[in-house]
Enquirer: 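Before we start, here is the structure in question, set down as structure tokens.
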Protein chains: 2
Amino acid sequence: MDVRTLCLGALMGGEATGYEIRKMFEDGTFSHFQIASLGSIYPALTKLTQDGLVTFVEHEQENRPDKKIYQLTQEGRRTFLRTLLQTRPAEDRYRSDILFMLTFAEEMPIELTEALIDEFAARHEMMSMQIDPENPDKPAPQTSHGRDEDGTPKPGCCFVAGLGQAMCEATLKFIRENKQGLLDELRNRKANKS
Amino acid sequence: MDVRTLCLGALMGGEATGYEIRKMFEDGTFSHFQIASLGSIYPALTKLTQDGLVTFVEHEQENRPDKKIYQLTQEGRRTFLRTLLQTRPAEDRYRSDILFMLTFAEEMPIELTEALIDEFAARHEMMSMQIDPENPDKPAPQTSHGRDEDGTPKPGCCFVAGLGQAMCEATLKFIRENKQGLLDELRNRKANKS
DNA sequence: ACTATCATATATCAATTCGATATAGTCAAT
DNA sequence: ATTGACTATATCGAATTGATATATGATAGT
């Protein structure tokens with residue numbers, strides 16, 4: 001899924017600026033399973049405007065850069081829904097420096113291994129708290145993304161949020177149950193080697 | 001972590017060709033938490049050779065392109081271990097078209113929602129089987145990546161593999177418990193709307 | 001027998017995307 | 001007083017992906 005499609009999806013929840021769209025991918029609704037940076041969002045919005053899939057209204061603000069509030073056109077909405085129907089979703093990809101590094105646990109000091117695991121746990125704990133299945137867009141709910149016009153959270157979003165939480169909890173549980181075992185085993189091996 | 005570092009890590013397990021390194025990220029040891037394509041691996045190996053971190057021996061093969069078997073130099077090994085100690089691991093990032101699409105479940109036919117969930121489950125089931133914590137590099141164990149010189153699986157690899165499996169299982173469990181509820185809710189909403 | 005398709009193996013390249021930076025003002029905190 | 005954080009758009013070099021080219025053997029389907 002390219003950034004253009006992601007932007008269309010972001011605008012399905014209502015109008016937004018490029019900056020707000022980035023926030024949806026940084027902190028908000030989509031942050032746990034899609035990424036898009038400003039450097040790709042702004043060009044994408046420009047292209048979408050040229051293609052007539054979005055329009056924007058420029059709001060002047062006192063002593064601040066103009067705000068361009070983007071909105072889907074009917075054509076944009078149709079295009080996005082067609083994309084949903086036609087796209088064969090790409091493989092999921094999970095990228096974790098920490099897990100990659102932990103693969104080399106034997107080659108590094110045990111304190112580092114423990115620190116990496118703790119860091120991994122801390123990040124997942126934070127993520128788990130950030131995701132609230134009843135309220136998919138926790139931080140800054142000014143814009144009503146993730147919920148319907150009437151304010152009800154969307155069932156799809158709840159499902160996805162719940163799944164994310166389940167994954168976090170499984171991760172934390174695994175660490176609670178296996179961290180000490182790994183550290184002991186590593187200590188054993190070091191002792192045997194010397 | 002850039003591709004150069006990933007290549008050094010891949011070569012920590014012993015010598016390999018560029019093609020074999022790609023397989024480690026495609027099917028093998030690292031496939032579930034790091035990605036690297038041939039288009040980035042070959043340039044990375046060239047650069048690493050220039051920098052003296054790896055060397056290669058060219059093996060001619062009858063009726064096949066030459067094979068360049070790469071190997072870490074001592075300098076390369078030291079550099080990688082230093083990187084492990086110094087690098088602040090980047091945030092994990094998980095990217096899933098399916099979860100993104102499911103966010104818009106209300107906007108699409110229920111059959112598509114169900115198909116997407118089933119696809120998601122199928123992929124995780126496959127992944128779960130592919131990961132064997134006792135044997136981190138399931139497919140094609142010619143090269144001994146993920147295990148020590150003596151053939152014992154490395155504890156770090158086992159830990160990471162076990163974690164991956166736990167996540168897969170949690171995902172599958174969540175789907176078993178929540179898929180029907182989501183579909184029912186969606187059907188309800190459609191009925192109420194019309 | 002013929003034809004795909006896949007696997008091995010290296011290499012290149014356009015298109016995409018990231019990450020950093022520039023600009024510019026407000027606001028809170030140290 | 002000044003550092004850092006937030007809002008907001010925009011650009012650009014660098015990294016990376018994904019596709020393609022080349023060459024051949026093996027395997028499987030029609």
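Every chain is numbered from 1 and lettered A, B, ... according to where its sequence line falls, protein lines coming before strand lines.
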Enquirer: Tell me what A/L38 touches on the nucleic acid: a base, only sugar-phosphate, or nothing, going by heavy atoms under 4.0 Å.
Expert: base
Enquirer: For the side chain of A/Y42, counting heavy atoms from C-beta on, which of C/dT17, D/dT11, D/dT7 is nearest?
Expert: D/dT11
Enquirer: Counting any heavy atom closer than 4.0 Å, what does B/R4 reach on the DNA or RNA strands: base, sugar-phosphate only, or nothing?
Expert: nothing
Enquirer: Select one nucleotide: of D/dT16, C/dA9, D/dT7, the one nearest the side-chain heavy atoms of A/R95.
Expert: D/dT16
Enquirer: What integer distance in Å separates B/F56:CZ from C/dA9:P?
Expert: 16 Å
Enquirer: What is the distance from CG of B/D97 to C1' of D/dG18, rounded to the nearest Å?
Expert: 15 Å
Enquirer: Determine whether the aromatic ring centres of B/F33 and A/Y94 lie less than 6.0 Å apart.
Expert: no
Enquirer: Within the 4.0 Å heavy-atom criterion, would you say B/G18 contacts the bases, only the backbone, or no part of the nucleic acid?
Expert: sugar-phosphate
Enquirer: Quickly work out the A/R22 CZ to C/dG19 P distance and round it to whole Å.
Expert: 12 Å
Enquirer: Out of C/dA11, C/dA7, C/dC18, which has the shortest distance to the side chain of A/S40?
Expert: C/dC18
Enquirer: Please state whether the phosphate of D/dT9, meaning OP1 or OP2, lies under 4.0 angstrom from any side-chain nitrogen or oxygen of A/T17.
Expert: yes
Enquirer: Taking CG from B/D2 and P from C/dA20, how many angstroms apart are they, rounded to a whole number?
Expert: 13 Å
Enquirer: Using whole Å, what does the distance between atom P of nucleotide C/dT12 and atom NZ of B/K47 come to?
Expert: 16 Å
Enquirer: Starting at the 5' end of DNA chain C, which residue's closest nucleotide do you reach first, B/K68 or B/R93?
Expert: B/K68
Enquirer: Can you check whether B/K23 has a side-chain N or O nearer than 4.0 Å to OP1 or OP2 of C/dT8?
Expert: yes
Enquirer: Would you call the rings of B/F104 and B/F100 parallel, tilted or perpendicular if under 30° counts as parallel and over 60° as perpendicular?
Expert: perpendicular
Enquirer: Rounding to a whole Å, what distance do you find between A/I21:CD1 and D/dT7:C1'?
Expert: 15 Å
Enquirer: Please verify the inter-ring angle class for B/F120 with B/H124; under 30° counts as parallel, over 60° as perpendicular, anything in between as tilted.
Expert: tilted
Enquirer: Would you verify whether the NZ or CZ of B/R22 falls within 45 degrees of the ring axis of B/Y19 while also being under 6.0 Å from that six-membered ring's centre?
Expert: yes
Enquirer: Specify the separation, in whole Å, of atom CG of A/D27 and atom C1' of D/dA5.
Expert: 13 Å
Enquirer: Any side-chain N or O of B/Y19 under 4.0 Å from OP1/OP2 of C/dT10?
Expert: no
Enquirer: May I ask you to test the B/R176-B/K173 pair for a side-chain heavy-atom distance under 4.5 Å?
Expert: yes
Enquirer: Touch check for B/S37, heavy atoms < 4.0 angstrom, all strands: base, sugar-phosphate only, or nothing?
Expert: base
Enquirer: May I have the distance from A/E20 (atom CD) to D/dT9 (atom P), rounded to whole angstrom?
Expert: 8 Å
